[in-house]
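Have a look at the structure below before the remarks.
Values reported hereafter were calculated over all heavy atoms of this structure, with side chains retained and with hydrogens, waters and symmetry mates removed. Predicted, not measured: the structure shown is a model, and the values here were computed from it. The sequence lines fix the lettering, A, B, ..., with proteins before strands; numbering per chain opens at 1.
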Protein chains: 2
Amino acid sequence: MLFSTATGYALRALAALPEDGSFCLAKDLSASLELPGPYLAKILQGLVQAEILESVRGPKGGFRLLRPSHRITVGEVVIALEGPNSMDGCIMGFPTCGGDHPCPLHEAWGAVKAQVATSMTEATIRDLQLMDLRHQKDAKDRPPCEKP
Amino acid sequence: MLFSTATGYALRALAALPEDGSFCLAKDLSASLELPGPYLAKILQGLVQAEILESVRGPKGGFRLLRPSHRITVGEVVIALEGPNSMDGCIMGFPTCGGDHPCPLHEAWGAVKAQVATSMTEATIRDLQLMDLRHQKDAKDRPPCEKP
DNA sequence: TTGAATTCATCCTTTTTTGTCTTAAATTAG
DNA sequence: CTAATTTAAGACAAAAAAGGATGAATTCAA
């Protein structure tokens with residue numbers, strides 16, 4: 001996979017969050033997505049600091065999206081988790097690879113990076129919501145956060 | 001970088017090896033490329049087991065390519081270091097992503113993977129030899145293994 | 001107001017990757 | 001045959017990632 005597992009967990013969690021402004025518990029998210037709970041909690045905290053999520057603690061608290069899901073791009077989440085320069089650099093890690101000393105994969109990889117970058121800035125969390133990210137055996141279960 | 005650092009080290013070392021069948025010391029390779037010596041030695045051993053390199057120990061020993069450099073593809077080295085399935089899987093790590101449940105980046109990433117895979121099987125170590133992989137300040141130094 | 005339940009936030013293990021070191025085995029030269 | 005050289009193989013250490021356990025803060029009800 002191109003991104004870290006933490007980034008994948010973050011994207012899955014964001015896609016599972018409801019869009020109506022109701023709060024969702026980290027525990028319910030991890031249970032619904034079958035992700036390690038404490039690790040996901042730590043990732044969610046990072047998304048709070050990146051001003052993608054909002055958190056409230058105490059009863060009736062939890063996490064919720066700070067913006068509507070179609071205003072959060074996949075690229076934004078990747079940058080929040082992996083830094084702004086994660087896609088820079090040579091595909092093989094050659095320090096001398098550059099415009100004047102290109103490696104054999106430089107051009108192909110450059111085109112690829114541009115295409116992926118474009119796709120990432122165009123795709124939003126709303127696009128992710130359209131696919132069912134839970135495992136098949138749990139697809140029939142209730143959504144992570146039910147309304148009253 | 002798309003690959004692991006170990007894979008990058010392996011590719012750099014292979015590109016630095018001479019093509020005339022002479023042996024090269026692991027110590028000289030790591031010094032010339034400014035790579036951690038013992039770690040590179042371990043990687044070279046793996047390349048021997050993958051039947052990409054040949055090793056002989058004792059005085060006048062060292063490592064050398066088992067085949068001419070244009071018969072060793074980059075993809076072969078990547079597979080030897082990272083396994084045959086390193087490029088499979090969803091770009092975001094979604095377990096349910098597939099032909100019937102594609103993620104928003106599925107198609108773009110699929111095209112990209114195919115292009116990179118093709119480039120990797122076409123590019124050989126000889127192509128890497130054409131670029132100078134040592135740091136600029138050392139570019140004027142002697143090659144890692146000089147002939148008698 | 002007080003306390004108890006709930007929930008996020010912070011710190012502590014485990015695992016993987018990366019990097020180092022030591023010892024043994026093999027080859028060559030004298 | 002001895003000594004010097006060099007890889008092979010293993011244990012060992014450090015860093016990062018992944019996962020887990022505990023504590024601090026908030027809410028609500030009595």
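Rounded to an integer number of Å, the gap from CG of B:L35 to C1' of C:dG19 is 12 Å. The separation between A:F23 atom CZ and D:dC28 atom P is 11 Å, rounded to whole Å. Atom P of nucleotide C:dT18 and atom CG of B:L81 are separated by 10 Å, given to the nearest angstrom. The nearest whole Å value for the distance from the OH atom in B:Y39 to the P atom in D:dA16 is 14 Å. Following rounding to the nearest Å, B:K42 (NZ) and D:dA13 (P) show an atom-to-atom distance of 14 Å. When rounded to the nearest whole Å, the span between NZ of B:K27 and P of D:dT5 equals 9 Å. Rounded to whole angstrom, the span from the CG atom of B:L29 across to the P atom of D:dT6 amounts to 13 Å. Rounded to a whole Å, the CD atom of A:Q45 is 15 Å from the P atom of C:dT7.
Using modelled atom types, no side-chain atom of A:T7 and backbone atom of A:F3 make a donor-acceptor pair closer than 3.5 Å. Under a 3.5 Å cut-off, the side chain of B:S32 and the backbone N or O of B:D28 do not form any donor-acceptor pair.
When only modelled atom types and interatomic distance are considered, A:T73 and A:E122 share no side-chain donor-acceptor pair under 3.5 Å.
Between A:R67 and the choices A:E54, A:E76, A:E19, the salt bridge (charged side-chain N to carboxylate O under 4.0 Å, His left out) rule is met once, by A:E76.
Nearest nucleotide to the side chain of B:L25, out of D:dT26, D:dA18, D:dT7: D:dT7. Here the side chain of A:P59 is nearest to one of C:dA26, C:dT6, D:dA9, namely C:dT6. For B:F63, counting side-chain heavy atoms from C-beta on, the closest listed nucleotide (C:dA9, C:dT27, D:dA8) is D:dA8. Distances from the side chain of A:K60 to the nucleotides D:dC28, C:dT28, C:dT7 place D:dC28 closest. Comparing D:dA18, C:dT20, C:dA9 by their nearest atom to the side chain of A:A6 picks out D:dA18.
Residue A:Y9 has a polar side-chain atom (N or O) positioned under 4.0 Å from OP1 or OP2 of D:dG19. Regarding contacts with the backbone of D:dT7, every side-chain N or O of B:S55 stays at 4.0 angstrom or more from both OP1 and OP2.
B:A41 comes within contact range of no nucleotide atom at all, as no heavy-atom separation falls under 4.0 Å. Heavy atoms of A:G37 sit nowhere under 4.0 angstrom from any nucleic acid atom. A:V48 comes within 4.0 angstrom of nothing in the nucleic acid, heavy atoms only.
Between A:G61 and B:P38, the residue whose closest nucleotide on DNA chain C is further toward the 5' end is A:G61. The residue among A:P36 and A:R57 whose nearest nucleotide of DNA chain D is located toward the 5' end is A:P36.
Within a 6.0 Å radius of NZ in A:K113, more than 12 heavy atoms belonging to other residues, nucleotides or ligands are found.
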